[in-house]
Amino acid sequence: MASLQFWKPGTVGPGSNLDRATETEENVVSSAPISSALSLQAARERLPIFKHRQKLLYAVENHGVVILVGQTGSGKTTQLPQFLYEAGWAAEGNRIACTQPRRVAATSVASRVAAEVGTTLGDEVGYTIRFEDVSDKERTRILYMTDGMLFRETLIDPLLSRYSVIMIDEAHERSIYTDLLLGVLKKIRRKRPSLRLIVSSATLDAAAFLEYFLSGNSPDEATIVSLEGRAYPVEVAYLEEPVPDYVQKAAEVVWGIHLQQTPGDILVFLSGRDEIDRCLEILSELLPTLPRNAKRLQLLALHAGLTTDEQLRVFEHAERGWRKVIVATNIAEASVTIEGIKFVVDSGFVKIRTYNPTTAMSSLVTTPVSQASATQRAGRAGRTAPGVCYRLYTEQAFERLQPTTPPEITRTDLTTPILQLKSLGIDDLMKFEWVSSPPAESVLRALEGLVHAGMIGEDGRLTVIGEKVAECPVEVNIARMLFASKDYKCGEEILTIAAMTTIQDVFVIPEGAAGALAELERRKFTAEEGDHLTLLNAYNAFVRYGRSSSWCKAHALSFRAMSRAVSIRSQLKKYMQRFGLPLESCEGDAKRLRRCLVTGYWRNVARWTADGTYRAVRGDTVLHVHPHSVLFTRKPRSGWVIFHEMEETKKTQIRILTEIEPDWLLEHGHKFYDKHSGASVAAQ
DNA sequence: GAGCACTGC
């Protein structure tokens with residue numbers, strides 16, 4: 001059984017100043033009810049950031065870029081935009097923007113600040129996220145938004161002329177849009193020096209951001225301002241010896257903490273759903289051995305695959321005499337904040353998606369976390385009181401971890417980002433000042449793909465269709481399909497399919513017996529042609545039965561995902577109308593519809609083989625059908641399929657398949673060879 | 001016969 005004497009202690013985090021300000025957390029979804037603007041104002045002024053007010057305003061006044069180093073709880077996100085507002089930065093029709101990598105953060109912070117300012121949300125203080133614009137064109141002075149939204153705005157207003165100050169929050173997370181925005185903003189600053197930037201970041205990355213903005217500029221272009229945080233100290237304990245099975249060890253450690261009877265909830269970081277289930281299973285087998293007088297242990301899972309209701313359960317307070325243990329994926333590292341966590345158990349692993357430009361394949365692999373990640377995880381134990389973090393690896397192993405996680409831009413398909421940069425008039429990508437350069441191979445492959453798809457001409461400039469597709473918030477191949485629907489007279493259906501393929505986890509298949517029932521429900525939508533038409537059926541049924549959540553529940557569909565599909569569809573519909581693409585129905589002519597699908601997916605073709613797997617026509621890779629596919633159990637009659645995406649996990653899998661006829665590929669002028677017979681099966 | 005880390009437009 002777990003015994004904690006093997007641990008070697010150490011400490012991270014700030015000093016133990018327990019005389020703290022009243023809790024007024026930012027970025028917390030479940031915040032306390034708002035009593036009155038007056039008491040909020042009092043709470044506001046107790047925040048540590050108030051001591052730095054003059055220093056901050058001076059820095060913004062005198063430098064183009066301020067790198068702001070401050071921990072969660074310093075109040076930067078809620079207070080700094082207000083300081084700037086009060087200091088007159090939003091005068092004369094100017095706006096102050098603050099970007100967030102996530103939608104919930106943008107909305108929850110905006111509503112908090114609106115309350116502090118004493119205004120209705122959407123008036124002086126507002127937010128803009130995809131599908132929701134709660135702001136006023138004339139009156140909004142402080143605007144919270146997702147970084148993706150602000151990047152999109154640069155496509156319409158390349159100098160972002162409405163804004164006087166732009167604060168890029170959580171920049172250390174290095175989302176792809178954060179990186180693209182920083183690159184574009186550096187360029188904008190040269191053309192419009194009156195624009196001020198604030199880049200908010202964790203300590204580790206501040207120097208890199210400073211160096212980035214100073215490069216090629218005068219020394220007073222950028223400066224660093226540090227704020228003290230308000231987190232509590234977290235004691236860190238390492239294993240003395242590595243363990244072979246960290247899932248087993250995680251369960252043992254949780255059990256050990258629990259038996260010690262020190263109060264406080266436990267948060268465990270594992271890499272995925274499988275591990276979470278296994279860990280919870282081990283713990284539930286131990287439950288009967290719990291001494292009669294001991295506290296009870298409430299076991300909870302937290303990962304993105306759960307329904308909203310299931311996710312919300314982790315926020316409920318444990319009943320008297322119970323302790324919560326939440327076994328989570330990386331979702332609990334930054335996206336979801338749970339109050340009252342006193343113990344963190346960190347496996348030191350995370351699943352990371354990386355893109356290989358050479359094979360055009362992405363892979364999802366369990367990888368050791370970075371030191372920055374491990375520090376962030378540990379910090380989850382010290383939000384409301386001092387805490388302890390148990391790392392399931394040795395201190396030497398921690399020292400060997402890479403300092404930060406590689407930014408998303410270095411491990412993703414750049415097709416869409418590059419199309420958008422081109423649309424911004426950035427034609428020479430080699431001269432673009434990336435915060436972190438993506439691999440040259442990625443840039444080249446993306447350009448090559450864009451030329452193939454007809455988005456970029458031989459001169460390297462955007463084509464007419466390329467200009468339009470750059471505006472569309474979908475992947476390039478999907479956009480191509482939308483445009484081709486005009487020729488195949490199936491705009492209505494392709495629009496639905498485009499929306500459905502961009503959402504994830506449409507079908508909710510629970511564990512155990514309920515899962516088998518859900519599988520049967522799912523089959524009711526099955527189209528024999530494949531998954532694209534099955535998704536179309538599910539969408540049409542959802543709309544026909546009144547878009548109801550109870551209907552979704554009864555048919556194993558995610559109401560959240562389906563509602564999102566409705567929003568995406570109506571957004572894409574506006575683009576189609578703008579581009580003069582007709583919304584005709586194929587009137588049940590599935591063949592026409594499938595031929596249209598080929599216009600988008602002609603690079604994703606696979607051929608069935610006798611052992612039930614497929615071979616990629618490009619690259620000859622062995623491909624496994626994802627178990628959620630309606631073609632998982634069935635051979636396609638023609639033996640040929642197109643697929644939406646492929647991903648390497650333990651095996652290389654393809655998701656969302658549709659059967660096609662090989663000669664339809666002829667229309668795309670691409671040549672494929674049958675590797676076994678050597679015969680050209682489709683040639684121009 | 002078997003599986004999907006997390007975001008965002």
Side-chain angles (χ1 to χ4, degrees), chain A residues 99-106 128-133 145-156 170 173-181 269-277 302-306 328-336 347 349-354 362-367 369 373 405 407-409 411-412 416-417 419-420 423 469-475 478-479 499 502-511 515-516 519 558 561 564 567-568 571-572 574-575 611-613 624-629 631-634 645 647-651 653-656:
Chain A
T99 71
Q100 296 292 323
R102 281 170 294 278
R103 295 158 55 94
V104 272
T128 305
I129 59 177
R130 189 182 187 183
F131 310 129
E132 267 180 79
D133 183 5
M145 60 208 302
T146 44
D147 46 19
M149 271 320 257
L150 187 61
F151 181 66
R152 185 149 288 273
E153 197 167 330
T154 63
L155 296 175
I156 301 154
E170 314 288 352
E173 288 188 22
R174 304 295 300 273
S175 85
I176 185 149
Y177 289 116
T178 298
D179 271 33
L180 291 171
L181 260 178
F269 285 100
L270 294 175
S271 82
R273 188 179 165 167
D274 267 6
E275 289 179 5
I276 290 170
D277 291 344
L302 178 63
H303 53 81
L306 300 174
T329 60
N330 220 32
I331 194 171
E333 191 180 300
S335 311
V336 172
S347 67
F349 284 93
V350 65
K351 273 188 192 165
I352 285 198
R353 182 194 288 267
T354 38
S362 66
S363 52
L364 193 62
V365 180
T366 305
T367 320
V369 294
S373 238
T405 311
E408 191 184 357
I409 202 155
R411 47 186 177 83
T412 197
T416 305
L419 182 69
Q420 288 171 333
S423 173
V469 169
E471 287 179 49
C472 263
V474 282
E475 283 169 43
I478 305 288
T502 53
I503 55 169
Q504 286 125 37
D505 305 313
V506 189
F507 296 102
V508 187
I509 311 290
E511 292 286 303
E519 285 283 353
S558 157
R564 204 173 150 72
S567 300
I568 294 173
Q571 189 189 34
L572 294 179
K574 286 184 195 139
Y575 283 96
D611 61 6
T613 64
H624 297 261
V625 179
H626 193 281
H628 281 181
S629 172
L631 290 175
F632 182 63
T633 47
R634 215 159 42 74
E645 60 186 2
E647 185 169 70
E648 198 178 350
T649 47
K650 282 170 203 153
K651 300 185 291 194
Q653 290 194 331
I654 47 178
R655 286 181 65 241
I656 313 183

Taking the side chain of A/Arg353 as heavy atoms from C-beta outward, which of B/dC9, B/dC6, B/dT7 is closest to it? B/dC6
Would you say that A/Pro407 contacts A/Ile176 through its side chain, given a criterion of any heavy-atom pair below 4.5 Å between the two side chains? no
For A/His303 and for A/Cys472, find the nucleotide of DNA chain B with the closest heavy atom, then tell me which residue's nucleotide is more 5'. A/His303
Side chain A/Arg353, main chain A/Ser362, donor-acceptor under 3.5 Å: no
Within this structure, what is the CD-to-C1' distance between A/Glu408 and B/dA5, rounded to whole angstrom? 12 Å
Salt-bridge present (A/Arg102, A/Glu173; N to O < 4.0 Å): yes
Kindly give the atom pairs (protein nitrogen or oxygen, nucleotide nitrogen or oxygen) under 3.5 Å for nucleotides 1-3 of chain B.
residue: B/dG3; atom: N2; partner: A/His628; partner atom: NE2; Å: 2.2

Classify A/Ile568 by what it touches in the nucleic acid, base, sugar-phosphate, or nothing, heavy-atom distance under 4.0 Å. nothing
How many Å lie between CD1 on A/Ile276 and P on B/dC4, as a whole number? 14 Å
Please state how far atom CG in A/Leu364 lies from atom C1' in B/dC6, giving the value in whole angstrom units. 10 Å
Selected nucleotide, minimal atom distance to A/Arg273 side chain, candidates B/dT7, B/dA5, B/dC9: B/dA5
Counting N and O atoms only, with roles assigned by atom type, does the side chain of A/Arg273 sit under 3.5 Å from a partner on the main chain of A/Ala304, one being a donor and the other an acceptor? no
Would you mind classifying the nucleic acid contact of A/Thr146 as base, sugar-phosphate or nothing, using non-hydrogen atoms under 4.0 angstrom? sugar-phosphate
Just by distance, do the side chain of A/Glu648 and the backbone of A/Ser363 share a donor-acceptor pair under 3.5 Å? no
Can you confirm whether the side chains of A/Ser271 and A/Glu275 place a donor and an acceptor under 3.5 Å from each other? yes
Between B/dA5 (C1') and A/Arg102 (CZ): distance, integer Å: 13 Å
Considering just the side-chain nitrogens and oxygens of A/Thr329, establish if one lies under 4.0 Å of OP1 or OP2 belonging to B/dC6. yes
Which whole-number value in Å describes the distance from A/Leu270 CG to B/dA5 C1'? 12 Å
From CG of A/Asn330 over to C1' of B/dA5, roughly how many Å is that when rounded to an integer? 7 Å
Roughly how many Å is it from CG in A/Leu302 to P in B/dC6, rounded to a whole number? 9 Å
For A/Arg103 and B/dC9, is the shortest distance between a side-chain N/O and OP1 or OP2 below 4.0 Å? yes
Quick one: label A/Asp505 by what it contacts on the DNA or RNA (base, sugar-phosphate, nothing), any heavy atom closer than 4.0 Å. base
Can a donor-acceptor pair be found between the side chains of A/Asp147 and A/Thr178 at a distance below 3.5 Å? yes
Expressed in angstrom and rounded to an integer, what is the separation of A/Ile654 atom CD1 from B/dC4 atom C1'? 16 Å
